[in-house]
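First up is the structure itself, then whatever we jot down about it.
All values below were derived from every heavy atom in this structure, side-chain atoms included, with hydrogens, water molecules and symmetry-related copies excluded.
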2 protein chains.
Amino acid sequence: MVRPGGRSARVQASVHAAVRELASEVGRDALTVPMIAQRAGVTPSTVYRRWGDLQELLSDVAVERLRPDTAPQDHGTLSCDLTAWAEQFLDEMSSPAGRAYIRDALLGDPDGGNAGRCSAYAAEQIGVVLARAAGRGEPAPGVETVIDQVVAPMMYRILFRPDGLDTSYAHRLVAGVLTPAGERVSPG
Amino acid sequence: MVRPGGRSARVQASVHAAVRELASEVGRDALTVPMIAQRAGVTPSTVYRRWGDLQELLSDVAVERLRPDTAPQDHGTLSCDLTAWAEQFLDEMSSPAGRAYIRDALLGDPDGGNAGRCSAYAAEQIGVVLARAAGRGEPAPGVETVIDQVVAPMMYRILFRPDGLDTSYAHRLVAGVLTPAGERVSPG
DNA sequence: CGCCTTAACGCAAACAGATTGCTTTAATGA
DNA sequence: TCATTAAAGCAATCTGTTTGCGTTAAGGCG
């Protein structure tokens, strides 16, 4: 029996808000469960019983913040749409805050559900862009292809090689996935 | 003034060994610093002073275990070499143990140094394979291209979508990076 | 509308891991 | 061998975590 409404919902909202507030006040690394509980007007045991530990709570909050709040903008062509989306994605995700959210989402995630949700967000956004292109009659790759050739390389570098990432890298990846291979140049 | 030898080295080796032993005995999630310290014949404060916290210690150990112990085998052609390497990489990294190591390496890694080291290991192995191909006179892509189109997609799926990964996925990725784009099929 | 069941929360005590000042050991260089 | 000092040991303290039990209130039902 799950109880999604009423007091439980208020506690969840209050705790999430407390995490966001305190993270911006004292910094993410200084967060503790008792501190969050006090700000949320809740006892620590409530947090531990619901989320298990600090990492799972942070993972929960991170996934919410990584959820796109709006559909990708329509620039008229697949190339422009994908480029703009990739540019924004890289920009947001490679920032210190973005990297912290990604790490948190991956971290406190025993069953992989939160990570899967993050990936689903990106896939959904890309799906919108590609469906739009199909509606225009433009030839377009599949969602999985874009994930493999655009999202995955950006995410890999964000996580494993944070240095030297810039807009032109996103541009090269998008160009690569849209360009017939003969004319392609190395994205390195 | 750093002291890499003598007692410090013994403590480091002893603690690392304790982590590996205990991880296989009681499971990674049950590890605690006091437990590790006792097994290593060391006081907890020593571990905290040297590694900061449990996550950084586990990150340290994880990176060591992710280091390849041998050069990629030579199968005679670039295609075979890369395929075999990618297959083994995916196999090792997508296992529960492999995923735990990757997560640990990413996790307790404030400055990104450990994650960078992991990426460098892969780049080095790929570099060997590609240099071998060049020695044979085979045409070969650059290391960065292979990382973008083979390593990154595998790692992305290991971290964000652990389901449905198999050998054929690695094969498709390698085929994709070695095949002139006109004849390419979608890797999805 | 009010009662019943029980999930979820509050409280507080007990526990365990993390931190720190001070002392002691031993690695390095002269 | 001696002087220096990084690193380890020890122990007290502090803070975060866990848990048993009583209380509150959400959701279901007559």
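- Comparing R49(B) and L54(B) along DNA chain C, the residue whose closest nucleotide (by nearest heavy atom) sits nearer the 5' end is L54(B).
- Atom CG of D53(A) and atom P of dA16(C) are 18 Å apart (whole Å).
- Residue Q38(A) contributes atom CD, which lies 14 Å from atom C1' of dT15(D) at whole-angstrom precision.
- Distance, L31(A) CG to dG16(D) P: 11 Å, rounded to whole Å.
- Checked by distance alone, R7(A) brings no side-chain donor or acceptor within 3.5 Å of a matching partner on the base of dG10(C).
- Heavy atoms of R50(B) sit under 4.0 angstrom from primed sugar atoms or phosphate atoms, though from no base atom.
- To the nearest 0.5 Å, atoms CG (L31(B)) and CZ (R39(B)) are separated by 10.5 Å.
- Residue W51(A) contributes atom CH2, which lies 12 Å from atom C1' of dC9(C) at whole-angstrom precision.
- Separating the CD atom of Q12(A) from the P atom of dA7(C) is a distance of 19 Å, rounded to the nearest angstrom.
- Between R10(A) and dA26(D) there is a side-chain N or O to OP1 or OP2 distance below 4.0 Å.
- Across L54(B), D53(B), D60(B), L58(B), a single residue satisfies side chain to side chain contact (heavy atoms under 4.5 Å, CB included) together with E56(B), and that is D53(B).
- Look at T43(A) and you won't find any side-chain N or O under 4.0 angstrom from OP1 or OP2 of dC9(C).
- For the side chain to side chain contact (heavy atoms under 4.5 Å, CB included) with F160(A), the qualifying choice from I147(B), N114(B), V151(B), I102(B) is I102(B), the only one to do so.
- When each of T167(A), I158(A), L173(A), V150(A) is checked for a side chain to side chain contact (heavy atoms under 4.5 Å, CB included) with L90(A), only I158(A) meets the rule.
- Between the side chain of S45(B) and the base of dC10(D), at least one donor-acceptor pair of N or O atoms lies under 3.5 Å.
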